[in-house]
Amino acid sequence: VTWVTGWPLSGLSFAAQTKSKKTLAKPNIRNIVVVEGVRIPFLQSGTSYKELMPHDLARAALLGLLHRTNVPKDVVDYIIFGTVIQEVKTSNVAREAALGAGFSDKTPAHTVTMACISANQAMTTGVGLIASGQCDVVVAGGVELMSDVPIRHSRKMRKMLLDLNKAKTLGQRLSLISKFRLNFLSPELPAVAEFSTSETMGHSADRLAAAFAVSRLDQDEYALRSHSLAKKAQDEGLLSDVVPFKVPGKDTVTKDNGIRPSSLEQMAKLKPAFIKPYGTVTAANSSFLTDGASAMLIMAEEKALAMGYMPKAYLRDFVYVSQDPKDQLLLGPTYATPKVLERAGLTMTDIDAFEFHEAFSGQILANFKAMDSDWFAQNYMGRKTKVGSPPLEKFNNWGGSLSLGHPFGATGCRLVMAAANRLRKEGGQYGLVAACAAGGQGHAMIVEAYPK
Amino acid sequence: MVASRAIGSLRRFTASRTLRCPGYTCRNFSASSALLTRTHINYGVKGDVAVVRINSPNSKVNTLSRELQSEFIEVMNEIWANDQIRSAVLISSKPGCFIAGADINMLASCKSAEEVMQLSQEGQRMLEKLEKSTKPIVAAISGSCLGGGLEVGVPAAFDMMLTGRNIRADRAKKMGLVDQLVEPLGPGLKPSEERTIEYLEEVAVTFAKELSDKKISLKRDKGLVETFFFFFLTELTSYAMSIPFVRQQIYKKVEEKVRKQTKGLYPAPLKIIDAVKTGIEQGNDAGYVSESQKFGELAMTKESKALMGLYHGQVLCKKNKFGTPQKDVKHLAILGAGLMGAGIAQVSVDKGIKTILKDATLAGLDRGQQQVFKGLNDKVKKKALTSFERDSIFSNLTGQLDYQGFEKADMVIEAVFEDLNVKHRVLKEVEAVVPDHCVFASNTSALPIRQIASVSKRPEKVVGMHYFSPVDKMQLLEIITTEKTSKDTTASVVAVGLKQGKVIVVVKDGPGFYTTRCLAPMMSEVLRILQEGVDPKKLDSLTTSFGFPVGAATLVDEVGVDVAKHVAEDLGKAFGERFEGGSVELLKQMVSRGFLGRKSGKGFYIYQEGVKNKSLNSDMDGILASLKVPPKSDVCSDEDLQYRLVTRFVNEAIMCLQEGILATPAEGDIGAVFGLGFPPCLGGPFRYVDLYGAQKIVDRLRKYEAAYGKPFTPCQLLIDHANSPNKKFYQ
């Protein structure tokens, strides 16, 4: 695969000179920095983390962050985590994880949810708290455990059980039990489907790919690129955000386990996973169900410097967008990108590192086509011209959700850290993070490298 | 509504209908010079797959017409002759329509049964050729695929042939009519509809290729017999079908069922069964001959002419001949959350109109809101809506007890109690709060609009909107204009009515307008017939066997005995002797005993929740006995009873045209059929007179006039038509 060529470092200094803006610092607004961000290895669900609970993973990410930064626990003003499929016992998983990780019980914590951009929401909530002067130090993160999801009794069964609780006499109980039918036992499984449309996300992705005429081959090639780049990054030790996790009763997990570069021939053999038999989205060109957690230390710049930290990056402008959850479910990046660039006063050429969430190959490629279409910009986005699609050589160079995995609630932090680490490694100044999310929502954020 | 696109491989193409189409996206035109002259069908070749595109010129839908047929055969012959082509895809270039069925104008232009039969046979030949095609043919269907279109697209569908009902795509797949569904796409690099058709074609081409390469095969029944089986006889095996005795039983069962549903008034379903029977008993060829013969005969029947007339009338009544209103109605307010008010709210919110539903009491409002919710939720249960769509539609409704927000209302429809004083009060209240441009529409079945408008500050904005119950099921809306109603006001209410999905007739103001006025004399006759000792059950069966969907006695119960009494008294006063017949005393006594019809659980019948077969209300015996009048033996045969009802109805309808209440006979027919259930097989009162002859009806009226006097005196316009047989309501 020819995409896997190294970044031409010589071009960087030239690019840096022509930036629209030297920095995105704004007068009278606090600069907010990422001091460090980590994640435990992202694993395919049903593997080493399968016996754990979500807060165990979140706790491990927090401990990894503490270990990496040595931040005194009592300095942290607030903790926020994102998650999607909630474990009902730990619905405020941020608090349970923080307590378990030994943070002060005086540090408040809350949990946010916004589908696949939940961790992004956790980060930007933290940014808001710091920018408004409420906090100086915030830990933001995300967690998802797809190995175990809450499977519920049917509504009928639940109703019967609740009524039984209230029943006072044996007669009342018996009469309730007599109404029991076998079908009460059929369970309710959580689905990765839109509530509003009942369509599963893979189905929507397949229709999106078809709408933009993205071929099966293109999708397979893109997925192969993601896996190849991830493998290379892993082998070269570039995935420095990964912290090892000693799983109770098991070996220490040190690497992501979903990276599996295959061949186009192998991939071509797979049958479509959602629209059968003629769809184009397969298991090989979709992100897989993943367990994982991430955490990030965010501070006001002056606080970080006062504490002697060398920050990694600034968190700058960000936007949230939303659109039709049926036909444009996964087009968030297309809508968010021009908006965040405008806010920041940048153009596509100013961006040195793109980190987009890869839900499906077809989704990424459809977004590329949409971003590159004047017709789409004019007819659906109310813009005069297209924003243009990101140059592939700057795009997800260390792999993406397709290969590294996608624990719904935790991916946002991984994207930001990948952008920050790439800017440091490659020498660029501006990174653009973008992601789509269920509900037809989307997010984008500009990350600015901290000057060395 | 078709939610998905369907793909079906073509097995059989029966009957007399054609295709038409000119493609606009042909990539590889064949070298044939004939192509240049084709206007209905085009084809291109993708690899070894021919893509045949259907596109009727200058029309929103594709219909089966003569021109299309010859072009289609030409194209198919080229495809069969071309060794490079191994399979074919049939597709329409029109978004949302494959083939809507036979071209009604083509059938209407045929002069004889033979001509239709010939058309039919040409169609059959084409379909037969397709069926026997050695090259696989895939039909890619997007949108409506009815009648002959269905036969082009899918193998014979017995159930649909009989009932003509619409089938959603997912259901069609389950029934085995189609093999694959293709979901519509959202926007991409071009408009959704355009790309969806392209995509459908791409998928169909892949299928066609795989079929010809034998990579996939179709597991499906072998045609007519098994399809027949599938719908009616799932419990029997095809072995049983091979025994003649069993088969006869089956035919009998099907015929019985059909006869019961159609009362023998609609000839088509039975002839369809005949043709299928012939096909099974004597082989396909004989079946086809029989089919085309029968089709020819059917096309020439009065029923077919009546139904085609209704079709044209309906098309007419779906247009706004008053032009585009100056202001689009975005905010609607409805006063009164009763059965009617809530029904109007339901058909408004589901079209995206922000609607306020106001009632005087919280209990009334609750009931109305629940009615709207239930109406929508029933659609969820039938899977016509998702629960999410229901919720988002329901959020268009605001229930309230005050006039808050009326300052934004573009139109107010009042559906309060049918009492002039109440109507006057709400009109004044509304005019105090609404903006100047707001239209005030009154939903009333009999109160003259000009009386309601008499207290208005701006009578040009006052108009009548007569909805029929249940509003979400009944298609008709009767709009009533006074001499002061402005044209823009009329345009505005017609636009709203059309948006609500209604078929609209616009009539002049007058007692009972058009529909109530036609119904009243017939109802008067109903009372007389009951007083003459005919029991309600018998009366019901006489009326339904004449073609009315609801029996006359049941209709009184459904409308409400109190409402019927109200109308009878009001119109009786207005029209005097001519509206006489039975005694209103009958209705009065029923009201005083609380027999208000279905709504009170008792009327002529007893209504119980969950009980399907209603029984007669024996408490009525006494009332009927005390009001009994002696029957007149020469005018009370079953047939006479039927005609006494129908001729009074027809006579009154024609009088409405004569007096200018009605603008056109077409509106009169649509109003009678869609609002009052006048037998559709007769096409409406005016079509009925045209088809059966004015003289015959005048003769009937004269006969009854001799017995009962003025109520049966034929009106002048009807007499004129009888005197000059060339005079027709429809030229």
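In this text the structure is predicted, and so the values were computed from the model without any measurement. Chain letters run A, B, ... following the sequence lines, proteins first, then strands; residues in each count from 1.
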Quick one: list whatever passes side chain to side chain contact (heavy atoms under 4.5 Å, CB included) with A/Leu189, sequence neighbours left out.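 For A/Leu189 the side chain to side chain contact (heavy atoms under 4.5 Å, CB included) partners, ignoring immediate neighbours, are A/Ile151.
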Nearest non-hydrogen partners of B/Pro187 and A/Ala211, listed with the distance: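 The answer is O-CB, 3.9 Å.
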Give each N or O donor-acceptor pair spanning chain B and chain A at a distance under 3.5 Å, with atom names and distance to 0.1 Å, or state none.
from, atom 1, to, atom 2, distance (Å)
B/Leu181, O, A/Tyr278, OH, 2.3
B/Pro184, O, A/Arg207, NH1, 2.8
B/Arg195, NE, A/Ala210, O, 2.7
B/Arg195, NH2, A/Ala210, O, 2.7

Check side chain to side chain contact (heavy atoms under 4.5 Å, CB included) between B/Pro136 and all other residues, then give those that pass, not counting sequence neighbours.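 Once residues adjacent in sequence are excluded, the partners of B/Pro136 under the side chain to side chain contact (heavy atoms under 4.5 Å, CB included) criterion are B/Ser87, B/Leu211, B/Ser212.
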Which atoms of A/Ala213 are under 4.5 Å from chain B, going by heavy atoms: the side chain, the backbone, both sets, or neither?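 Both parts, backbone and side chain.
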Among the listed options A/Ala370, A/Gly279, A/Pro277, the residue most often paired with chain B at heavy-atom distances under 4.5 Å: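 The residue among A/Ala370, A/Gly279, A/Pro277 with the greatest pair count is A/Pro277.
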Inter-residue atom distance B/Leu189.CG - A/Phe376.CZ, 0.5 Å rounding: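 Spacing of CG (B/Leu189) from CZ (A/Phe376) equals 8.5 Å.
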Please enumerate all residues that pass side chain to side chain contact (heavy atoms under 4.5 Å, CB included) together with B/Ile85, with sequence neighbours excluded.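 Per chain and number, B/Ile85 pairs via side chain to side chain contact (heavy atoms under 4.5 Å, CB included) with B/Tyr43, B/Val45, B/Ala50, B/Ile79, B/Asn82, B/Lys135.
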Surrounding CZ of A/Phe195 (heavy atoms of other residues, nucleotides or ligands, distance under 6.0 Å), is the total greater than 12?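 For A/Phe195, atom CZ is not crowded (no more than 12 foreign heavy atoms under 6.0 Å).
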